[in-house]
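Atoms within each ligand, like the ligands themselves, are counted from 1 in listed order.
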Amino acid sequence: MACNFLHLAVAGVRGMSPYQPGKPIDELAREQGLKAEDIVKLASNENPLGPSPVAVKAMVESLSELARYPDGGGFLLKDALSKKLGVNPEQLTLGNGSNDVLVLLAEAFLNPEASAVFSEYAFVVYPLAVKATGAEAIVVPSVNYGHDLDAMASAIKDNTRLVFLANPNNPTGTAFSQQDLKGFLDKVSENVVVVLDEAYFEYAAGGELPDGVELLDRYPNLVVTRTFSKAYGLAGARVGYAVSNPEIADILNRLRQPFNLNLPAQFGALAALNDDDYLTESITLNQQGMVQLEKGFAELGLDWIPSSGNFITVNLAQEAMPIYQALLSHGVIVRPVGNYGLPQHLRVSIGLPEENRRCLAALSQILGQK
Ligand SMILES: *Cc1c(COP(=O)(O)O)cnc(C)c1O
């Protein structure tokens with residue numbers, strides 16, 4: 001039967017392409033006849049430590065309550081987060097991953113008459129969320145792969161309702177300073193909501209990156225998003241949140257699904273939040289792995305974009321797709337970023353030392369053959 005439902009879909013959706021996730025381990029295992037345990041996946045910025053055992057225990061224990069709806073208000077998790085962050089629970093919006101919160105922000109503030117600003121090479125969820133609403137996406141050229149905050153401030157139009165900033169940005173790993181962020185926020189009207197996506201915040205905490213939450217009092221139009229998917233190791237549980245002024249949180253809470261955060265996820269996140277040892281280990285492992293990969297790339301004569309995240313984007317100075325395919329046949333999954341306009345780069349998530357070593361060894365073999 002010949003169908004054409006695409007023309008029935010709303011205009012914004014017709015202009016979207018599906019999100020391309022990292023290749024799943026089981027899929028590659030089937031395709032290449034490899035054993036899943038022999039495959040190294042460094043493709044989705046997941047925590048190579050696996051989940052915190054404390055979080056797993058809490059999630060398993062919660063399963064006996066699965067016949068009940070979860071707490072739609074997320075009381076316990078909001079209470080713990082508010083204490084940790086020094087904010088009021090009314091300032092929090094919980095999401096099914098921070099992706100959920102990013103989409104809620106777009107739905108709440110955008111329509112076909114509005115526009116949103118983000119950077120070239122910015123996280124792909126921003127264009128997806130914006131396009132779904134029919135709003136105009138204003139993409140500002142980057143400088144050295146990073147956000148050009150001055151140009152972004154200038155790109156704001158009368159109908160601009162949202163700006164998305166990723167600090168650090170995925171897939172480039174680039175970051176801007178507290179001073180630059182403040183300079184930007186000082187220029188932007190309070191009628192424009194600025195979303196500061198801090199998905200990798202924990203990796204740089206106490207370091208060079210600004211802490212968006214500290215700026216909320218001064219900038220009522222600022223919304224900070226964070227996640228349990230990266231340093232807290234719970235990507236599969238889907239927990240993220242926004243911190244904002246209570247009025248914006250109220251708007252987002254009207255729009256979200258009443259039970260958008262499932263029951264095991266709430267308990268897992270609560271436990272993970274208190275597992276300081278796991279977080280410290282994640283950060284240390286990430287720092288060491290970053291050094292290991294940088295050293296390896298340097299030995300292969302490759303350039304990379306300096307990264308503040310848990311991944312590093314390497315410049316192959318040639319078409320990256322054939323190298324990506326060759327890495328797959330070695331059982332190594334990384335992430336092509338041609339869809340971001342970076343056809344010569346590959347993004348490599350920081351893995352365990354042995355995983356990083358296998359990635360570098362495969363890359364060395366492949367490049368050596370050329
Ligand atoms: C990984 C990532 C997220 C988080 O996604 P979740 O939905 O919380 O898993 C958000 N923003 C950026 C820039 C990311 O890289």
Quiz item: Are H345 and Y145 an aromatic pair by the rule of ring centers under 6.0 Å?
Solution: yes

Quiz item: Do S115 and E136 have a side chain donor and acceptor closer than 3.5 Å?
Solution: no

Quiz item: Looking at D275, D277, N47, N310, which hits side chain to side chain donor-acceptor pair (under 3.5 Å) with S282?
Solution: N47

Quiz item: Out of T225, T93, N260, which one pairs with D100 under the side chain to side chain donor-acceptor pair (under 3.5 Å) rule?
Solution: N260

Self-check item: K23 (side chain) donor-acceptor with I333 (main chain) under 3.5 angstrom
Solution: no

Exercise. Check for a donor-acceptor pair, side chain of D197 on one end and backbone N or O of A199 on the other, with a separation under 3.5 Å.
Key: yes

Quiz item: If you count only heavy atoms, which residues are under 4.0 Å from ligand 1?
Solution: G97, S98, N99, F123, N170, D197, A199, Y200, T227, S229, K230, R238

